[in-house]
Amino acid sequence: MPLVNEKDLLIPALKERRAVGAFNANNMEMIQAFIWGAEEMTEELGRPVDLVIQLSPGASKYAGWALGAGMVKIAANESKTRVALNLDHANKLEEVQEALERGFTAVLIDGSALPLEENMKLTRQAVEMCHSKGVPVEAELGKIPRIEDYFNAAEIAKLRSLPAAEAVRVIREKAGKKVEDLMAKPEDVERFVAKTGCDFLAAAFGSIHGIWDDVWPIRVDRLIEIQERTHLPLVSHGSSGILMTPKDAQEKGIELAEGEGTLLDAIQTGGVTKVNVATVLSISFIEGFVDAYKANPSEKDFRKLGGPSRDRVKEKVKEYMRLFAGRI
Ligand code: G3H
Ligand code: ZN
(Lines give C-alpha, C1' and ligand atoms only; values in the text may rest on other atoms or scores of the structure.)
(Ligands and ions follow the chains in the order given, each with its own letter.)
Protein backbone atom coordinates (compact mmCIF):
# COMPACT_ATOMS: atom_id res chain seq x y z
CA MET A 1 0.00 0.00 0.00
CA PRO A 2 1.15 3.62 -0.33
CA LEU A 3 3.32 5.02 2.47
CA VAL A 4 1.38 6.00 5.57
CA ASN A 5 1.77 8.97 7.90
CA GLU A 6 3.95 8.01 10.88
CA LYS A 7 1.37 9.46 13.27
CA ASP A 8 -1.11 6.80 12.14
CA LEU A 9 1.34 4.16 13.36
CA LEU A 10 2.57 5.72 16.60
CA ILE A 11 -0.59 7.12 18.19
CA PRO A 12 -2.38 3.73 18.37
CA ALA A 13 0.86 2.05 19.49
CA LEU A 14 1.21 4.50 22.40
CA LYS A 15 -2.31 3.69 23.57
CA GLU A 16 -1.57 -0.02 23.42
CA ARG A 17 1.86 0.19 25.12
CA ARG A 18 3.64 -1.43 22.24
CA ALA A 19 6.34 -0.09 19.93
CA VAL A 20 6.91 0.20 16.21
CA GLY A 21 10.34 -0.69 14.86
CA ALA A 22 12.14 2.09 13.00
CA PHE A 23 14.93 0.49 11.06
CA ASN A 24 17.68 2.26 9.11
CA ALA A 25 18.14 1.14 5.52
CA ASN A 26 21.19 1.60 3.34
CA ASN A 27 20.31 -0.53 0.35
CA MET A 28 17.58 -2.49 -1.42
CA GLU A 29 18.24 -5.72 0.50
CA MET A 30 17.69 -4.03 3.85
CA ILE A 31 14.42 -2.49 2.72
CA GLN A 32 13.22 -5.91 1.59
CA ALA A 33 14.40 -7.53 4.83
CA PHE A 34 12.37 -5.05 6.92
CA ILE A 35 9.18 -5.42 4.89
CA TRP A 36 9.40 -9.19 4.56
CA GLY A 37 10.16 -9.41 8.31
CA ALA A 38 7.01 -7.38 9.06
CA GLU A 39 4.95 -9.59 6.72
CA GLU A 40 6.20 -12.79 8.38
CA MET A 41 5.60 -11.35 11.86
CA THR A 42 2.07 -10.32 10.87
CA GLU A 43 1.44 -14.01 10.14
CA GLU A 44 3.18 -15.19 13.30
CA LEU A 45 1.48 -12.73 15.69
CA GLY A 46 -1.89 -12.83 13.98
CA ARG A 47 -2.13 -9.03 13.91
CA PRO A 48 -0.73 -6.38 11.55
CA VAL A 49 2.87 -5.44 12.30
CA ASP A 50 3.65 -1.88 11.22
CA LEU A 51 7.02 -0.55 10.20
CA VAL A 52 9.01 2.67 9.97
CA ILE A 53 11.82 2.62 7.43
CA GLN A 54 14.40 5.33 8.02
CA LEU A 55 16.91 6.93 5.71
CA SER A 56 19.45 9.29 7.23
CA PRO A 57 20.65 12.24 5.16
CA GLY A 58 23.87 10.21 4.70
CA ALA A 59 21.98 7.16 3.40
CA SER A 60 19.86 9.41 1.18
CA LYS A 61 22.99 10.89 -0.36
CA TYR A 62 24.57 7.42 -0.72
CA ALA A 63 21.61 6.10 -2.72
CA GLY A 64 20.54 9.48 -4.12
CA TRP A 65 17.49 11.13 -2.54
CA ALA A 66 15.12 10.10 -5.32
CA LEU A 67 16.30 6.51 -5.58
CA GLY A 68 16.46 5.99 -1.80
CA ALA A 69 12.93 7.22 -1.17
CA GLY A 70 11.74 5.64 -4.42
CA MET A 71 12.86 2.15 -3.39
CA VAL A 72 11.00 2.40 -0.09
CA LYS A 73 7.84 3.66 -1.80
CA ILE A 74 7.85 0.90 -4.41
CA ALA A 75 8.57 -1.84 -1.85
CA ALA A 76 5.78 -0.52 0.42
CA ASN A 77 3.37 -0.34 -2.51
CA GLU A 78 3.91 -4.02 -3.21
CA SER A 79 3.13 -5.01 0.39
CA LYS A 80 0.11 -5.00 2.68
CA THR A 81 2.35 -3.80 5.54
CA ARG A 82 1.78 -0.24 6.74
CA VAL A 83 5.10 1.54 6.19
CA ALA A 84 6.10 5.10 7.11
CA LEU A 85 9.25 6.65 5.66
CA ASN A 86 11.21 8.80 8.12
CA LEU A 87 14.16 11.10 7.54
CA ASP A 88 16.45 10.21 10.45
CA HIS A 89 18.70 12.80 12.18
CA ALA A 90 18.35 15.72 9.79
CA ASN A 91 20.09 18.76 11.17
CA LYS A 92 19.58 21.18 8.30
CA LEU A 93 16.36 22.66 6.93
CA GLU A 94 17.57 21.91 3.39
CA GLU A 95 17.51 18.20 4.27
CA VAL A 96 13.99 18.58 5.61
CA GLN A 97 13.00 20.26 2.34
CA GLU A 98 14.50 17.38 0.31
CA ALA A 99 12.49 14.91 2.37
CA LEU A 100 9.26 16.80 1.84
CA GLU A 101 9.86 16.92 -1.90
CA ARG A 102 10.57 13.16 -2.00
CA GLY A 103 7.40 12.17 -0.13
CA PHE A 104 8.84 11.16 3.26
CA THR A 105 6.00 10.76 5.77
CA ALA A 106 7.95 11.84 8.88
CA VAL A 107 11.07 13.82 9.73
CA LEU A 108 13.44 13.88 12.70
CA ILE A 109 14.97 17.31 13.07
CA ASP A 110 17.94 16.87 15.38
CA GLY A 111 18.98 20.13 16.96
CA SER A 112 20.57 18.41 19.94
CA ALA A 113 24.04 19.71 19.15
CA LEU A 114 22.71 23.27 19.60
CA PRO A 115 22.01 25.16 22.82
CA LEU A 116 18.43 24.60 23.98
CA GLU A 117 16.96 27.86 22.66
CA GLU A 118 18.52 27.34 19.22
CA ASN A 119 17.39 23.72 19.15
CA MET A 120 13.83 24.95 19.83
CA LYS A 121 14.08 27.59 17.09
CA LEU A 122 15.36 25.12 14.47
CA THR A 123 12.78 22.54 15.49
CA ARG A 124 9.95 25.11 15.27
CA GLN A 125 11.05 26.03 11.74
CA ALA A 126 11.07 22.37 10.70
CA VAL A 127 7.64 21.87 12.27
CA GLU A 128 6.19 24.79 10.30
CA MET A 129 7.61 23.42 7.04
CA CYS A 130 6.43 19.86 7.70
CA HIS A 131 3.02 20.56 9.20
CA SER A 132 2.09 22.66 6.17
CA LYS A 133 2.38 19.36 4.25
CA GLY A 134 0.78 17.20 6.93
CA VAL A 135 4.10 15.56 7.83
CA PRO A 136 4.80 14.93 11.55
CA VAL A 137 8.08 15.88 13.22
CA GLU A 138 10.22 14.08 15.77
CA ALA A 139 12.51 16.34 17.81
CA GLU A 140 15.53 15.60 19.99
CA LEU A 141 15.95 16.91 23.52
CA GLY A 142 19.11 16.31 25.52
CA LYS A 143 21.86 14.57 23.59
CA ILE A 144 22.20 10.94 22.62
CA PRO A 145 25.94 10.51 22.16
CA ARG A 146 27.83 8.04 19.95
CA ILE A 147 30.15 5.38 21.33
CA GLU A 148 32.84 6.99 19.14
CA ASP A 149 32.58 10.13 21.31
CA TYR A 150 34.29 8.17 24.09
CA PHE A 151 36.31 5.37 22.49
CA ASN A 152 38.54 5.20 19.40
CA ALA A 153 38.26 2.47 16.75
CA ALA A 154 40.84 0.18 18.36
CA GLU A 155 39.17 0.52 21.77
CA ILE A 156 35.76 -0.24 20.26
CA ALA A 157 37.16 -3.37 18.56
CA LYS A 158 38.52 -4.47 21.95
CA LEU A 159 35.19 -3.74 23.65
CA ARG A 160 33.41 -5.87 21.09
CA SER A 161 35.61 -8.83 21.96
CA LEU A 162 34.91 -8.62 25.72
CA PRO A 163 32.17 -10.50 27.58
CA ALA A 164 29.06 -8.29 27.77
CA ALA A 165 29.27 -7.53 31.51
CA GLU A 166 32.91 -6.52 31.20
CA ALA A 167 32.22 -4.27 28.18
CA VAL A 168 29.45 -2.56 30.14
CA ARG A 169 31.79 -2.05 33.12
CA VAL A 170 34.39 -0.36 30.90
CA ILE A 171 31.82 1.84 29.13
CA ARG A 172 30.25 2.82 32.45
CA GLU A 173 33.60 3.76 33.91
CA LYS A 174 34.61 6.02 31.03
CA ALA A 175 31.29 7.36 29.73
CA GLY A 176 28.55 6.63 32.28
CA LYS A 177 28.58 9.99 34.05
CA LYS A 178 28.90 11.97 30.81
CA VAL A 179 25.97 10.13 29.22
CA GLU A 180 23.90 10.81 32.33
CA ASP A 181 24.71 14.54 32.16
CA LEU A 182 23.50 14.63 28.54
CA MET A 183 20.07 13.15 29.34
CA ALA A 184 16.99 15.31 28.72
CA LYS A 185 16.02 17.37 31.76
CA PRO A 186 12.39 16.79 32.81
CA GLU A 187 11.97 20.50 33.59
CA ASP A 188 12.69 21.38 29.91
CA VAL A 189 10.19 18.98 28.40
CA GLU A 190 6.89 20.86 28.61
CA ARG A 191 8.32 24.15 27.34
CA PHE A 192 10.20 22.34 24.54
CA VAL A 193 7.09 20.56 23.34
CA ALA A 194 4.85 23.65 23.67
CA LYS A 195 7.29 25.95 21.89
CA THR A 196 8.23 23.61 19.06
CA GLY A 197 4.92 21.87 18.37
CA CYS A 198 6.78 18.60 17.71
CA ASP A 199 4.74 15.40 17.37
CA PHE A 200 7.19 12.83 18.79
CA LEU A 201 10.02 13.28 21.24
CA ALA A 202 13.45 11.66 21.14
CA ALA A 203 14.41 12.53 24.69
CA ALA A 204 17.84 11.32 25.76
CA PHE A 205 17.43 8.75 28.55
CA GLY A 206 20.88 7.27 28.79
CA SER A 207 21.30 5.32 25.56
CA ILE A 208 24.36 5.56 23.31
CA HIS A 209 24.35 5.33 19.51
CA GLY A 210 26.41 2.57 17.96
CA ILE A 211 26.78 -0.07 20.68
CA TRP A 212 26.29 -3.44 19.05
CA ASP A 213 25.09 -6.22 21.25
CA ASP A 214 22.08 -5.48 23.50
CA VAL A 215 24.14 -4.85 26.62
CA TRP A 216 23.49 -1.29 27.77
CA PRO A 217 20.95 -0.45 30.50
CA ILE A 218 18.92 2.74 30.10
CA ARG A 219 17.49 5.07 32.76
CA VAL A 220 13.86 4.13 33.00
CA ASP A 221 13.39 6.47 35.99
CA ARG A 222 14.26 9.48 33.81
CA LEU A 223 12.12 8.19 31.00
CA ILE A 224 9.10 7.90 33.27
CA GLU A 225 9.61 11.45 34.55
CA ILE A 226 9.77 12.71 30.97
CA GLN A 227 6.75 10.72 29.91
CA GLU A 228 4.65 12.13 32.75
CA ARG A 229 5.22 15.62 31.34
CA THR A 230 4.30 14.85 27.75
CA HIS A 231 1.67 12.68 26.20
CA LEU A 232 3.57 12.27 22.96
CA PRO A 233 5.05 9.06 21.63
CA LEU A 234 8.67 8.87 22.86
CA VAL A 235 11.47 7.56 20.66
CA SER A 236 14.35 5.31 21.66
CA HIS A 237 17.63 6.00 19.86
CA GLY A 238 20.81 3.98 20.04
CA SER A 239 18.64 0.90 20.52
CA SER A 240 21.10 -1.65 19.09
CA GLY A 241 23.01 -1.45 22.34
CA ILE A 242 20.13 -1.47 24.81
CA LEU A 243 19.47 -4.58 26.88
CA MET A 244 16.28 -6.14 25.60
CA THR A 245 14.70 -7.61 28.73
CA PRO A 246 15.43 -8.09 32.46
CA LYS A 247 16.02 -11.77 31.69
CA ASP A 248 18.54 -10.75 29.06
CA ALA A 249 20.39 -8.66 31.70
CA GLN A 250 20.43 -11.60 34.07
CA GLU A 251 21.75 -14.00 31.43
CA LYS A 252 24.51 -11.59 30.48
CA GLY A 253 25.45 -11.00 34.12
CA ILE A 254 24.67 -7.28 33.92
CA GLU A 255 23.37 -5.82 37.17
CA LEU A 256 20.81 -3.07 36.84
CA ALA A 257 21.45 -0.16 39.19
CA GLU A 258 18.63 1.79 40.87
CA GLY A 259 16.49 3.48 38.16
CA GLU A 260 17.98 1.46 35.29
CA GLY A 261 16.01 -0.83 33.00
CA THR A 262 15.72 -2.45 29.59
CA LEU A 263 14.02 -1.81 26.26
CA LEU A 264 11.02 -3.83 27.41
CA ASP A 265 10.62 -1.55 30.46
CA ALA A 266 10.98 1.51 28.23
CA ILE A 267 8.09 0.30 26.06
CA GLN A 268 5.81 -1.09 28.74
CA THR A 269 6.27 1.58 31.42
CA GLY A 270 8.15 4.48 29.80
CA GLY A 271 5.97 5.41 26.83
CA VAL A 272 8.56 4.47 24.20
CA THR A 273 6.61 3.89 21.02
CA LYS A 274 9.20 4.12 18.26
CA VAL A 275 12.43 2.15 18.57
CA ASN A 276 15.27 3.15 16.24
CA VAL A 277 17.71 0.39 15.33
CA ALA A 278 20.62 0.79 12.92
CA THR A 279 24.04 -0.51 13.99
CA VAL A 280 23.10 -4.10 14.73
CA LEU A 281 21.32 -4.40 11.36
CA SER A 282 24.32 -3.05 9.51
CA ILE A 283 26.52 -5.56 11.37
CA SER A 284 24.07 -8.39 10.55
CA PHE A 285 24.19 -7.50 6.86
CA ILE A 286 28.00 -7.34 6.77
CA GLU A 287 28.40 -10.57 8.74
CA GLY A 288 25.88 -12.35 6.54
CA PHE A 289 27.85 -11.34 3.47
CA VAL A 290 31.27 -12.19 4.91
CA ASP A 291 30.13 -15.58 6.22
CA ALA A 292 28.57 -16.50 2.88
CA TYR A 293 31.76 -15.53 1.07
CA LYS A 294 33.97 -17.42 3.53
CA ALA A 295 31.82 -20.49 2.96
CA ASN A 296 32.34 -20.19 -0.78
CA PRO A 297 35.33 -17.97 -1.63
CA SER A 298 35.02 -18.72 -5.35
CA GLU A 299 31.47 -17.32 -5.49
CA LYS A 300 31.05 -14.71 -8.22
CA ASP A 301 27.30 -14.24 -8.08
CA PHE A 302 26.49 -11.23 -5.86
CA ARG A 303 23.02 -12.58 -5.15
CA LYS A 304 24.43 -15.69 -3.44
CA LEU A 305 26.00 -13.36 -0.85
CA GLY A 306 23.39 -10.57 -0.74
CA GLY A 307 20.60 -13.13 -0.15
CA PRO A 308 22.07 -14.56 3.08
CA SER A 309 22.81 -11.01 4.28
CA ARG A 310 19.19 -10.06 3.69
CA ASP A 311 17.99 -13.16 5.58
CA ARG A 312 20.24 -12.36 8.53
CA VAL A 313 18.80 -8.82 8.75
CA LYS A 314 15.25 -10.14 8.43
CA GLU A 315 15.71 -12.55 11.35
CA LYS A 316 17.14 -9.75 13.50
CA VAL A 317 14.22 -7.39 12.83
CA LYS A 318 11.78 -10.21 13.62
CA GLU A 319 13.40 -10.61 17.05
CA TYR A 320 12.83 -6.91 17.69
CA MET A 321 9.26 -7.05 16.41
CA ARG A 322 8.45 -9.87 18.83
CA LEU A 323 9.79 -7.80 21.72
CA PHE A 324 7.91 -4.67 20.59
CA ALA A 325 4.67 -6.64 20.63
CA GLY A 326 5.45 -7.89 24.17
CA ARG A 327 5.92 -11.45 22.92
CA ILE A 328 9.14 -12.48 24.58
O1 G3H B 1 18.53 6.96 14.69
C2 G3H B 1 18.97 5.80 14.66
C3 G3H B 1 19.31 5.11 15.87
O4 G3H B 1 19.24 5.85 16.99
C5 G3H B 1 20.03 3.85 15.83
O6 G3H B 1 20.96 3.65 16.86
O7 G3H B 1 22.71 2.49 15.58
O8 G3H B 1 22.69 2.41 18.03
O9 G3H B 1 20.94 1.21 16.74
P10 G3H B 1 21.87 2.35 16.80
ZN1 ZN C 1 19.50 8.02 16.51
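In each ligand, atom 1 is the first atom listed, and ligand 1 is the first ligand listed. What you see below is based on every heavy atom in this structure, not just the backbone, and it leaves out hydrogens, waters and symmetry mates. Being a predicted model, the structure only gives us computed values, none of them experimental.
- A side chain to side chain contact (heavy atoms under 4.5 Å, CB included) with Met41 is found for one member of Lys318, Arg327, Glu319, Arg47 and no other, namely Lys318.
- Under a 3.5 Å cut-off, the side chain of Thr105 and the backbone N or O of Leu85 do form a donor-acceptor pair.
- Under 4.0 Å from ligand 1, heavy atoms of Ala278 appear from its side chain as well as its backbone.
- Close approach of ligand 1 to Ser239 (heavy-atom distance below 4.0 Å) involves ligand atoms 6 (O), 8 (O), 9 (O).
- Annotation: atom 8 (O) of ligand 1 to nearest protein heavy atom, Gly210 N, 2.8 Å.
- Judged purely by atom type and a 3.5 angstrom limit, Ser236 has no side-chain atom pairing as donor or acceptor with the backbone of Val272.
- The proximity of Asn24 to ligand 1, defined as any non-hydrogen pair under 4.0 Å, is limited to the side chain.
- Near His209, the atoms of ligand 1 lying under 4.0 angstrom from a non-hydrogen atom of the residue are 3 (C), 4 (O), 6 (O), 8 (O).
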Could you walk me through whether Tyr150 and Val179 satisfy the side chain to side chain contact (heavy atoms under 4.5 Å, CB included) test, starting with their C-alpha distance in whole Å, then the side-chain angles of each, then the deciding distance to 0.1 Å, before giving a yes or no? CA-CA 10 Å; Tyr150 309 112; Val179 175; 3.9 Å; yes
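- Closest to atom 3 (C) of ligand 1 among all protein heavy atoms lies Asn276 CB, 3.5 Å.
- Note: angle at the Zn ion (ligand 2), from NE2 of His89 to ND1 of His237, is 100° (rounded to 10 degrees).
- Ligand-side atoms of ligand 1 in range of His237: 1 (O), 4 (O), range being under 4.0 angstrom from any heavy atom.
- Residue contacts with ligand 1: Gly241 is excluded, as none of its non-hydrogen atoms falls under 4.0 Å.
- Heavy-atom proximity to Val277, at under 4.0 Å, picks out these atoms of ligand 1: 9 (O).
- For the pair Lys174 and Phe151, the cation-pi test (distance below 6.0 Å, angle within 45°) is passed.
- Looking only at distances, no side-chain donor or acceptor of Asp213 sits under 3.5 Å from a matching main-chain atom of Val215.
- Residue Glu128 qualifies as enclosed at atom CD: its count of foreign heavy atoms under 6.0 Å is above 12.
- Remark: side-chain polar atoms of Glu98 are not paired, donor with acceptor, to backbone N or O of Glu94 under 3.5 angstrom.
- Among all non-hydrogen protein atoms, the one lying nearest atom 9 (O) of ligand 1 is Ser240 OG, 2.5 Å.
- Here the side chain of Asp265 pairs a donor or acceptor atom with the backbone of Thr262 at under 3.5 angstrom.
- Only the side chain of Asp88 comes within contact range of ligand 1, with a heavy atom under 4.0 Å; no backbone atom does.
- Within ligand 1, the atoms closer than 4.0 Å to a non-hydrogen atom of His89 are 1 (O), numbered from 1 in the order shown.
- The option from Asn86, Thr279, Ile144 that lies nearest to atom 7 (O) of ligand 1, judged by heavy atoms, is Thr279.
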